[in-house]
Amino acid sequence: MLGKKNSYWEEKECLETVKALCAQPAAWKRTQKQVRDQKDALRAFMEPALARPDLTIAFCGLDGVLTKTVFDWADTDVKYETRWLAQGETLPADKNTVLISLETDGNTMELAEVIDRQPEPVLHVIVTGDEKSPLIRAAEGLHNMYGLVVPKAGLTSLILAAFMTLHLEILDDLQLDDMIHSASQVLNQNAPVLEDFADRHSYPAIRAVGFNIRQKRHGMKEMTGVMKAAFVSPYTGLPYDGQPLNLLYFPDDPSLKKEQVELTRVLRREGQLVLAVEARHEEEIRADGVLDLKLLMARHNVYAAFAFLTVFEVLVVFTAAKHNISLDDGPRDIRMSLDSWMEKARLEDVIDA
């Protein structure tokens, strides 16, 4: 796995983490099929809301770093508003709204309270990996609730399933297949390249910067869409010294790519490390390293954030192994944060098939 024998990862106490990481593309493929199998029923349920131009789709249930940044990076390419439900918020009864709730092992009761608080005109889609979920049972027979079940789905698969509800018209296109193939290539062919990069450079943190393409916002504006992994020495308990590694996503869009090229120049003038991750390689980028995702359908690929996430995760694993930081025995030595909110989360909030 990742170009190493299982014994290597077992010695580094990262074996279970790496297994989960390498299982992600296959898990996403299963999720793709499971959602496609329910596409017609889900579309029929949402059709009244989708037919109106004033639609808002709100999400709730996951507050971690990964969820926020994947949705910030992704080009949702939809004509209606998408946002996250604020804590304690009650949606207006006179608005055309769909609330998509992501159920995990520990948030069932919390989601039940959120759903109960909403007015009846709100349509509810509950995304869960638990076929015996009490929320799904409660939704049976209700005209304003639909249960989208993706059995045994991990965190990233739940996020993908929720994200697919935004694209019911194009579930049979090739963008998702393209992304899954690209993520597999990162794990199987690019892993040694990323390991070599981690070995040759020293950095105390990885800062992954993406784009909210739909809103055309710069990836660094107000630190939106930035996810950071900080590495803490298991010997001293202190962060490592130095400048962070900037992992920058270069979309296949000339104007947006130009902004990332300019950001790269600024960071390199400051002496910071930059690893450029291109949706598709077209021109030479002056960075400390370049990785081509080779997306065949790179232009506005709505699922590209998951391939970029895979690069980030592989770098986290190799950097942790380099510093002898165990990932399987509790992620206490790695802190994840959003630079905008300084929110802290566990690494397993990220690496979970």
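Residues Phe231 and Val316 share a closest heavy-atom pair of CE2-O, 3.8 Å. Here the closest heavy-atom approach between residue Val35 and residue Ala161 is recorded as CG2-CB, 3.9 Å. Summarising the geometry of Thr128 relative to Asp130, their closest heavy-atom pair is OG1-N, 3.0 Å, with the distance given to 0.1 Å. Heavy-atom minimum distance, Asp178 versus Lys294: OD1-O, 4.3 Å. For the residue pair Ser184 and Pro25, the shortest heavy atom distance occurs at OG-CB, 3.4 Å. Residue Ala298 comes nearest to Asp252 through the heavy atom pair CB-CB, 3.6 Å, listed as atom of the first residue, atom of the second, then distance.
Residues Asp177 and Lys29 are in side-chain contact: their nearest non-hydrogen atoms beyond the backbone lie under 4.5 Å apart. Contact check for Phe250 versus Val290: no side-chain heavy atoms found under the 4.5 Å cut-off. Side-chain contact check for Leu194 versus Val186: some heavy-atom pair is nearer than 4.5 Å. Residues Thr165 and Val98 have side chains not in contact (no heavy-atom distance under 4.5 Å, counting atoms from C-beta outward). Taking the side chain as every heavy atom from C-beta outward, Arg30 and Ser157 never approach each other to under 4.5 Å. At a threshold of 4.5 Å between non-hydrogen side-chain atoms, the residues Leu160 and Val150 do not count as touching. Counting heavy atoms from C-beta on, the side chains of Asp288 and Leu245 never come closer than 4.5 Å.
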From CA spacing to verdict: salt bridge (Lys or Arg N to Asp or Glu O under 4.0 Å), Lys12, Asp328: CA-CA 9 Å; Lys12 293 293 185 178; Asp328 291 345; over 6 Å; no
The test is side chain to side chain contact (heavy atoms under 4.5 Å, CB included); show your working for Val311 and Tyr249 and say whether it passes. CA-CA 10 Å; Val311 178; Tyr249 176 62; over 6 Å; no
Using side chain to side chain contact (heavy atoms under 4.5 Å, CB included), reason through Arg286 and Thr264 one step at a time and then give a plain yes or no. CA-CA 8 Å; Arg286 294 182 179 273; Thr264 300; 5.8 Å; no
Under the side chain to side chain contact (heavy atoms under 4.5 Å, CB included) criterion, do Leu42 and Met164 qualify, and how do the steps go? CA-CA 11 Å; Leu42 181 57; Met164 289 176 74; over 6 Å; no
Criterion side chain to side chain contact (heavy atoms under 4.5 Å, CB included) on Leu291 and Leu293, from CA distance to verdict: CA-CA 6 Å; Leu291 188 144; Leu293 291 177; 3.9 Å; yes
Walk me through whether Tyr303 and Phe163 qualify under ring pair (Phe, Tyr, Trp, His ring centres under 6.0 Å). CA-CA 9 Å; Tyr303 301 106; Phe163 192 62; 5.6 Å; yes
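The closest donor-acceptor contact from the side chain of Ser182 to the backbone of Leu295 lies at 3.5 Å or more, if one exists at all. A distance-only check finds no donor-acceptor pair linking the side chain of Gln185 to the backbone of His181 [under 3.5 Å]. No donor-acceptor distance shorter than 3.5 angstrom exists from the side chain of Asn246 to the backbone of Arg207, with no hydrogens or angles considered. Of the possible polar contacts, none joining the Trp9 side chain to the Val18 backbone as a donor-acceptor pair under 3.5 Å is found. Between the Glu131 side chain and the Pro151 main chain, no donor and acceptor come within less than 3.5 Å of each other. Between the side chain of Asn107 and the main chain of Leu102, a donor-acceptor pair closer than 3.5 Å is present.
Asp105 CG: 12 or fewer foreign heavy atoms inside a 6.0 Å radius. For NZ of Lys322, the number of neighbouring non-hydrogen atoms (other residues, nucleotides, ligands) closer than 6.0 Å is greater than 12. Remark: Gln87 CD is loosely packed, at most 12 non-hydrogen atoms of other residues, nucleotides or ligands lying under 6.0 Å away. The local environment of NE2 in His201 is crowded, with over 12 non-hydrogen atoms from other residues, nucleotides or ligands closer than 6.0 Å.
We find the CZ-CD distance between Arg36 and Gln38 to be 13.5 Å, quoted to the nearest 0.5 Å. Once rounded to the nearest 0.5 Å, the distance linking CZ of Arg117 with CG of Leu99 reads 9.5 Å. Note that CD of Gln175 is 5.0 Å distant from CE of Met297, once rounded to the nearest 0.5 Å. With values rounded to the nearest 0.5 angstrom, Glu10 atom CD is found 8.0 Å from Lys19 atom NZ. Annotation: the span from Leu263 atom CG to Arg265 atom CZ amounts to 11.5 Å, rounded to 0.5 Å. Between atom CZ of residue Phe318 and atom NZ of residue Lys4 there is a gap of 6.5 Å, rounded to the nearest 0.5 Å.
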Just distance, no hydrogens or angles: give the donor-acceptor pairs under 3.5 Å from side chains in residues 50-61, sequence neighbours left out.
| from | atom 1 | to | atom 2 | distance (Å) |
| --- | --- | --- | --- | --- |
| Arg52 | NE | Asp54 | OD1 | 3.3 |
| Arg52 | NH2 | Asp54 | OD2 | 2.8 |
| Asp54 | OD1 | Asn96 | ND2 | 3.3 |
| Thr56 | OG1 | Glu81 | OE1 | 3.3 |

For residues 134-149, dump all side-chain donor-acceptor pairs below 3.5 Å to protein atoms at least two apart in sequence or in another chain.
| from | atom 1 | to | atom 2 | distance (Å) |
| --- | --- | --- | --- | --- |
| Arg137 | NH1 | Lys132 | O | 2.7 |
| Asn144 | ND2 | Glu120 | O | 3.3 |

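Residues Gln24 and Glu313 have side chains that bring a donor and an acceptor to within less than 3.5 angstrom of each other.
In this pair, Trp28 and Phe306 present their aromatic rings perpendicular. The plane angle is above 60°, beyond the 30 to 60° band.
The hydrophobic clustering, which links ILVMFWY residues whose side-chain heavy atoms are closer than 4.5 Å, places Tyr240 and Leu247 together. One hydrophobic cluster holds both Leu187 and Phe197 under the rule that ILVMFWY side chains link at heavy-atom gaps under 4.5 Å. Linking Ile, Leu, Val, Met, Phe, Trp and Tyr whenever their side-chain heavy atoms come within less than 4.5 Å leaves Leu158 and Ile126 in two separate clusters. Residues Phe312 and Val193 fall into different hydrophobic clusters, defined by Ile, Leu, Val, Met, Phe, Trp and Tyr side chains chained together at heavy-atom separations under 4.5 Å. Linking Ile, Leu, Val, Met, Phe, Trp and Tyr whenever their side-chain heavy atoms come within less than 4.5 Å puts Met1 and Leu315 in one cluster.
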